[in-house]
Protein chains: 2
Amino acid sequence: MKRNTWQREAVREALDDTEGFISAQALHGALHQTGSPIGLATVYRALGDLAANGEADSLQSPDGESLYRACSTTGHHHHLICRNCGLTVEIAADEVETWAQKVAADHGFTGAAHVVDVFGLCANCTKLLAAGE
Amino acid sequence: MKRNTWQREAVREALDDTEGFISAQALHGALHQTGSPIGLATVYRALGDLAANGEADSLQSPDGESLYRACSTTGHHHHLICRNCGLTVEIAADEVETWAQKVAADHGFTGAAHVVDVFGLCANCTKLLAAGE
DNA sequence: CGCTTATTGATAATGGTTGTCAAAATCAGG
DNA sequence: CCTGATTTTGACAACCATTATCAATAAGCG
C-alpha cells in the first residue's frame, strides 16, 4: 500500500516551486532552509518515485549529477546555468524548438522531447576565476 | 609538450573496435583482458583527452556513468535517442551551436558548454508501440 | 646517452547516490 | 479514539564511478 506523507508532498511542492532543473542535493538544501527537517535519503526516494510516475523529469548534468524538474509540458523554456555559482537564466529558444522537431521528424522519430540546457560561467564568476588563476 | 604513448594509442584502438557506447570501466576491463596492463586512471585520462579533442563522443548513461564512443564525424554534435530501444543517431546541429554561443554571450557567460539531446521514439518503436497499445 | 618533463599508475580521496535497519508514522478496522 | 500491521522515514554506512596525489617511469630533444 502507498501512504501519503508530508515529506513526499514537500518534495513535490519544492519541485513545483523550482524553475528548471535542480539536483537532489540542492532540493534537500532548499527544503532545509525552509525549516523542513526532511532527510536526504527521503528526498532521493521521493524524487525517484516522482520520476518513475512520470510526475518529474530527470536528466544528468555534465558533472554526473541527477537533475530533476517538475514535469509541466506547459511553459516550456530552457536554461543558462552558471556552473560556478548556480545562477540560472531562463532563455526562450523558439529556433531550437523547431529545430528539435524537425530533426526528430527527419529520422522518423515521434514524441520528441528534448533537453537543451547551456552551462557556462556567468560574467561575475568569469571575473572572479580569471583573477584567481 | 604532448607525448605519444602506447597507452593512449591502446585506448583509441579499443574504442575504435567497440560498437556503440562503452563505459570507461568497461573499456579498462576490455584492455586488461587483452593483456594490457594499462591503469584505470590512464584510461580515464585518455578518454577525457579524446573527448576534448573531439575524437570521441561522450554522454551520461541513466545510471550516471560516462559512456564514450569513437566519433564518426569529428567535431561537436548531438544525439537523437530512442527512449524505448536506445537507438542513437548522431545529429549535426550548427544552428544550435551558434545559438548556444550567442545566448551565452548575450548574458555575459563564458566557457559555454551545452546539453542538447533529443529523446523520442524511433520509427520502429513507434510502430511497435502503436500496435501493442 | 643523458636531461628535462610529461605521463603513468597504485592508491587515497571525493562526492553523489543507494542500502541498512531501528524508530516513527500511517492507515484500516474494531 | 485505540491497536496493530506495515510502510516510511532518516541517520549513517556502504558503494561506486571518477579525480587527485605523487613517486617512478619513459618520451622526446639535443
Side-chain angles (χ1 to χ4, degrees), chain A residues 1-15 18 21-53 55-69 81 83-86 117 119 129 132-133, chain B residues 1-15 18 21-53 55-69 113 115:
Chain A
M1 183 199 308
K2 189 138 193 178
R3 295 178 182 175
N4 293 330
T5 60
W6 62 266
Q7 286 97 334
R8 238 189 294 261
E9 202 54 40
V11 169
R12 195 196 317 258
E13 283 181 20
L15 201 60
T18 304
F21 288 91
I22 188 173
S23 71
Q25 308 261 350
L27 198 70
H28 175 237
L31 281 166
H32 262 205
Q33 281 194 338
T34 68
S36 179
I38 192 171
L40 179 57
T42 304
V43 173
Y44 275 100
R45 272 187 295 245
L47 286 174
D49 284 351
L50 288 175
N53 294 352
E55 296 187 59
D57 248 355
S58 72
L59 67 82
Q60 308 267 348
S61 83
D63 307 330
E65 279 180 298
S66 287
L67 304 182
Y68 296 88
R69 181 179 63 173
I81 304 158
R83 73 174 124 240
N84 187 246
C85 68
D117 285 291
F119 294 82
L129 292 182
E133 281 176 7
Chain B
M1 186 200 309
K2 189 135 190 178
R3 296 176 182 175
N4 292 330
T5 61
W6 63 266
Q7 286 97 333
R8 241 191 289 263
E9 202 54 41
V11 169
R12 196 195 316 258
E13 282 181 20
L15 201 60
T18 304
F21 288 91
I22 187 172
S23 71
Q25 307 262 350
L27 198 69
H28 176 237
L31 281 165
H32 262 203
Q33 281 193 340
T34 68
S36 178
I38 191 170
L40 178 57
T42 304
V43 174
Y44 275 100
R45 273 187 295 244
L47 286 174
D49 285 351
L50 289 174
N53 294 351
E55 296 186 60
D57 221 5
S58 73
L59 66 82
Q60 308 266 348
S61 82
D63 305 331
E65 280 180 297
S66 287
L67 303 182
Y68 296 87
R69 184 176 60 172
V115 175

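As a basis for the values below, the full set of heavy atoms in this structure was taken, side chains included, without hydrogen atoms, waters or symmetry mates. Residue numbers start from 1 in every chain, and the chains themselves are labelled A, B, ... in the order their sequence lines are given, proteins ahead of strands.
Proximity of residues 35-46 of chain A to DNA chain C (heavy atom under 4.0 angstrom from any strand atom) is restricted to A/Ala41, A/Tyr44, A/Arg45. Proximity of residues 26-34 of chain B to DNA chain C (heavy atom under 4.0 angstrom from any strand atom) is not detected for any residue.
For the residue pair B/Val43 and B/Ala24, the shortest heavy atom distance occurs at CG1-O, 3.8 Å. Among all heavy-atom pairs drawn from B/Pro37 and B/His32, the shortest one is C-NE2, 4.0 Å. Shown here for B/Leu31 and B/Ala10, the closest heavy-atom pair between the two residues is CD2-O, 3.9 Å.
Residue pairs meeting the salt bridge (Lys or Arg N to Asp or Glu O under 4.0 Å) criterion with at least one partner in residues 29-49 of chain B, sequence neighbours excluded, are B/Arg8-B/Asp49.
Comparing the start and finish of the helix from C/dC1-D/dG30 to C/dG30-D/dC1, five pairs each, the helix axis swings through 30°, to the nearest 10 degrees.
Evaluation of the side chain to side chain donor-acceptor pair (under 3.5 Å) rule for B/Gln25 yields B/Tyr44 as partners, not counting sequence neighbours.
Each of B/Gln25 and A/Thr5 has a nearest nucleotide on DNA chain D; the 5'-most of these lies closest to A/Thr5.
Residue A/Ser23 is out of contact with every strand shown, counting any heavy-atom pair closer than 4.0 Å. Backbone-only contact: A/Glu65 has heavy atoms under 4.0 Å from sugar-phosphate atoms and none from a base.
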Show me the protein contacts with nucleotides 1-5 of chain C, counting only N or O atoms at under 3.5 Å.
unit_1	atom_1	unit_2	atom_2	d
C/dT5	O2	B/Arg3	NH1	2.9
C/dT5	O2	B/Arg3	NH2	2.9

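Taking only side-chain atoms of A/Arg8, from C-beta outward, the nucleotide of D/dT9, D/dT18, C/dT8 with the closest atom is D/dT9. Comparing D/dT9, C/dC27, C/dG16 against the side chain of A/Asn4 picks out C/dC27 as the nearest.
The shortest distance between side-chain heavy atoms of B/His28 and B/Ile38 falls below 4.5 Å. Taking the side chain as every heavy atom from C-beta outward, B/Leu27 and B/Tyr68 never approach each other to under 4.5 Å. You'll find the side chain of A/Val11 stays beyond 4.5 Å of the side chain of A/Thr42, heavy atoms only.
One atom, CG of A/Leu47, and another, P of D/dG10, lie 14 Å apart when rounded to the nearest Å. Note: CD (B/Gln7) to P (D/dA24) measures 18 Å, nearest angstrom.
A distance of 8.0 Å separates CG of B/Asn53 from CZ of B/Arg12, quoted to the nearest 0.5 Å. Taking CZ of B/Arg69 as the reference point, atom OG1 of B/Thr18 lies at 11.5 Å (rounded to 0.5 Å).
Side-chain nitrogen and oxygen atoms of B/Ser66 include none within less than 4.0 Å of the OP1 or OP2 phosphate oxygen of D/dA17.
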